[in-house]
Amino acid sequence: MNITKIESYHVQLPLVAPFKTSYGFLSHKAMDILVVTDELGNQGYGELVAFKQPDYTEETLETARLILANHLIPLLVQSQITHPDDVTRLFSVIRGNWMAKSSLETAIWDLYAKRHKKSLAELFSSQTDKLSVGVSIGIQKSVQDLIEVVSRYVAEGYTRIKLKIAPNQDVSFVKAVRSHFPDMLLMVDANSAYDLDSLAIFKELDTYQLSMIEQPFGYSDFLEHAELQKNIETPICLDENIRSVEDVMLGHRLGSLGAVNLKISRVGGVTQAQKIVEYCKNNGLGLWCGGMFESGVGRALNLAFASQEGFNFPGDISASTRYFKEDIINETFELENGRLSVPKENGLGVTLNKAMLEKYGHYHVMYVK
Ligand code: OSB
Ligand code: MG
């Protein structure tokens, strides 16, 4: 394929409710939407999901834009690409910068699918057109507030609840939610807020039938997570630690994890993410699709990707209205009996809403042939 143009929109969408994690408060989600055009006029969309702050990972929107403009785009447009896997190989000379790589690689997947008149779901050997999904709930001011929020999502039909926790906002919250919802699939995500000194907290959390405990310790703490896993029954799920299939293998061999939160963007794109799916499938690991408060572009990709064999637990892929009042695509993702539909049209199966891009975004040309 021949790339003739790369454009981007720098978008910022207000969240319907501010989201608090151990990293801080988020009231808006910024993202860049890349539009890659080929010689036939097809357009592939990719979402750059990095945050403004380098807290969840090292990258920020600004560092990713620099890497795209100065390194990834020049590499891509000089090369002959026939399949999206070629992009991963091409980008392998650049270290890290997974989200920057993923934004462009996923746009090429969309473009490739459209050139071949196939949906991404088809390319990913999708097993279902409806996906059971979960919701990730930020830290609330009080136990009472949390119960109200959880009750609302349960009434909407979500089949799995994930609670964000942080020191002193953990056991009491989990205890209350578990006693209100004895049978709910429930898990927690600490976003690296603890260390091994908090072993007693995790031994207590271990008594609430949680499906898993996500990322209790630091983002390179494989050994510490393994030590914790020896002391608790609840599987540990790693998020921030996992940047590649090698990280999954390391965590698995060391006993640091029983499950993986897989975000395509955090591992450099679809081709890398696929290796993790295969590894988890072959080794009986828990696997589910994480979220980055994506716009509809990233959400469509996550739905298509997570509908393949190997994913065995509801992901953080919620309905459009859980995140934003208005989105930058024309379609909406609505919950029906706790499930979202996997897009069927060619490529990602969503179209950009130009009015919304104008309202919430700024247009940039990154490359013209
Ligand atoms: O740790 O999974 C996380 C959001 C932002 C950054 C990190 C995380 C999250 C979420 C929400 O948990 C995922 C979503 O619903 O998009
Ligand atoms: Mg997480």
Side-chain angles (χ1 to χ4, degrees), residues 13 15-31 47-61 98-99 102 131-140 149-150 153 156 158-166 170 186-194 210-219 221 225 235-243 247 251 257 259-267 273 286-303 305-306 313-324 327 333 335 338 340:
L13 298 174
L15 291 172
V16 289
F19 192 80
K20 190 179 173 200
T21 70
S22 59
Y23 297 128
F25 247 114
L26 198 68
S27 62
H28 291 70
K29 177 64 172 75
M31 69 277 290
E47 181 161 343
L48 172 59
V49 304
F51 291 109
K52 288 185 170 174
Q53 299 295 328
D55 46 17
Y56 168 74
T57 62
E58 303 84 342
E59 286 180 273
T60 69
L61 272 177
W98 311 118
M99 291 179 180
S102 176
L131 223 57
S132 284
V133 294
V135 61
S136 170
I137 299 176
I139 298 169
Q140 304 295 313
V149 174
V150 174
Y153 286 127
E156 286 176 26
Y158 287 102
T159 56
R160 186 230 64 186
I161 298 290
K162 166 167 134 182
L163 307 177
K164 293 287 185 178
I165 58 166
D170 40 40
L186 184 65
M187 60 178 291
V188 293
D189 183 359
N191 286 117
S192 293
Y194 299 84
L210 299 175
S211 306
M212 56 190 87
I213 297 177
E214 184 175 340
Q215 197 67 42
F217 301 158
Y219 69 98
D221 291 355
H225 283 119
I236 293 175
C237 171
L238 292 183
D239 174 352
E240 282 89 330
N241 275 75
I242 306 299
R243 314 305 177 90
D247 288 334
L257 60 80
V260 174
N261 167 339
L262 180 51
K263 299 184 187 177
I264 293 167
S265 59
R266 202 196 54 232
V267 302
L287 179 67
W288 55 279
C289 181
M292 287 291 288
F293 291 124
E294 287 91 348
S295 78
V297 169
R299 198 163 312 286
L301 176 69
N302 287 343
L303 280 164
F305 195 72
F313 192 72
D316 285 343
I317 319 175
S318 310
S320 311
T321 52
R322 178 258 173 273
Y323 302 96
F324 315 113
D327 200 343
F333 292 111
L335 209 60
L340 291 181

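In this chain, numbering begins with 1 at the start of the sequence shown. Both ligands and their constituent atoms are indexed starting at 1 by order of listing.
Between the side chain of S22 and the backbone N or O of N191, at least one donor-acceptor pair lies under 3.5 Å. Of the possible polar contacts, one joining the S192 side chain to the F217 backbone as a donor-acceptor pair under 3.5 Å is found.
Screening the protein for N, O or S atoms under 2.8 Å from the Mg ion (ligand 2) yields 3; no waters enter the count.
Judged as a ring pair (Phe, Tyr, Trp, His ring centres under 6.0 Å), and not counting sequence neighbours, the contacts of F305 are F124, F311. Applying the ring pair (Phe, Tyr, Trp, His ring centres under 6.0 Å) criterion to F19, with sequence neighbours excluded, gives F293.
If you take CE on M99 and CZ on F51, they are separated by 7.0 Å, rounding to the nearest 0.5 Å. Interatomic distance, CD1 of I165 versus CD1 of I139, reported as 8.0 Å (0.5 Å rounding).
Under the 6.0 Å distance and 45° angle rule, R299 counts as a cation-pi partner of Y323.
Listed as neighbours of ligand 1 are F51, Y56, S136, K162, K164, D189, N191, E214, D239, N261, K263, G291, M292, F293, D316, Y323, each bearing a heavy atom under 4.0 Å from the ligand.
In this structure, E58 places its CD atom where more than 12 heavy-atom neighbours from other residues, nucleotides or ligands lie under 6.0 Å away.
Ion pairing between D316 and K263 fails under the 4.0 Å rule for side-chain N and carboxylate O.
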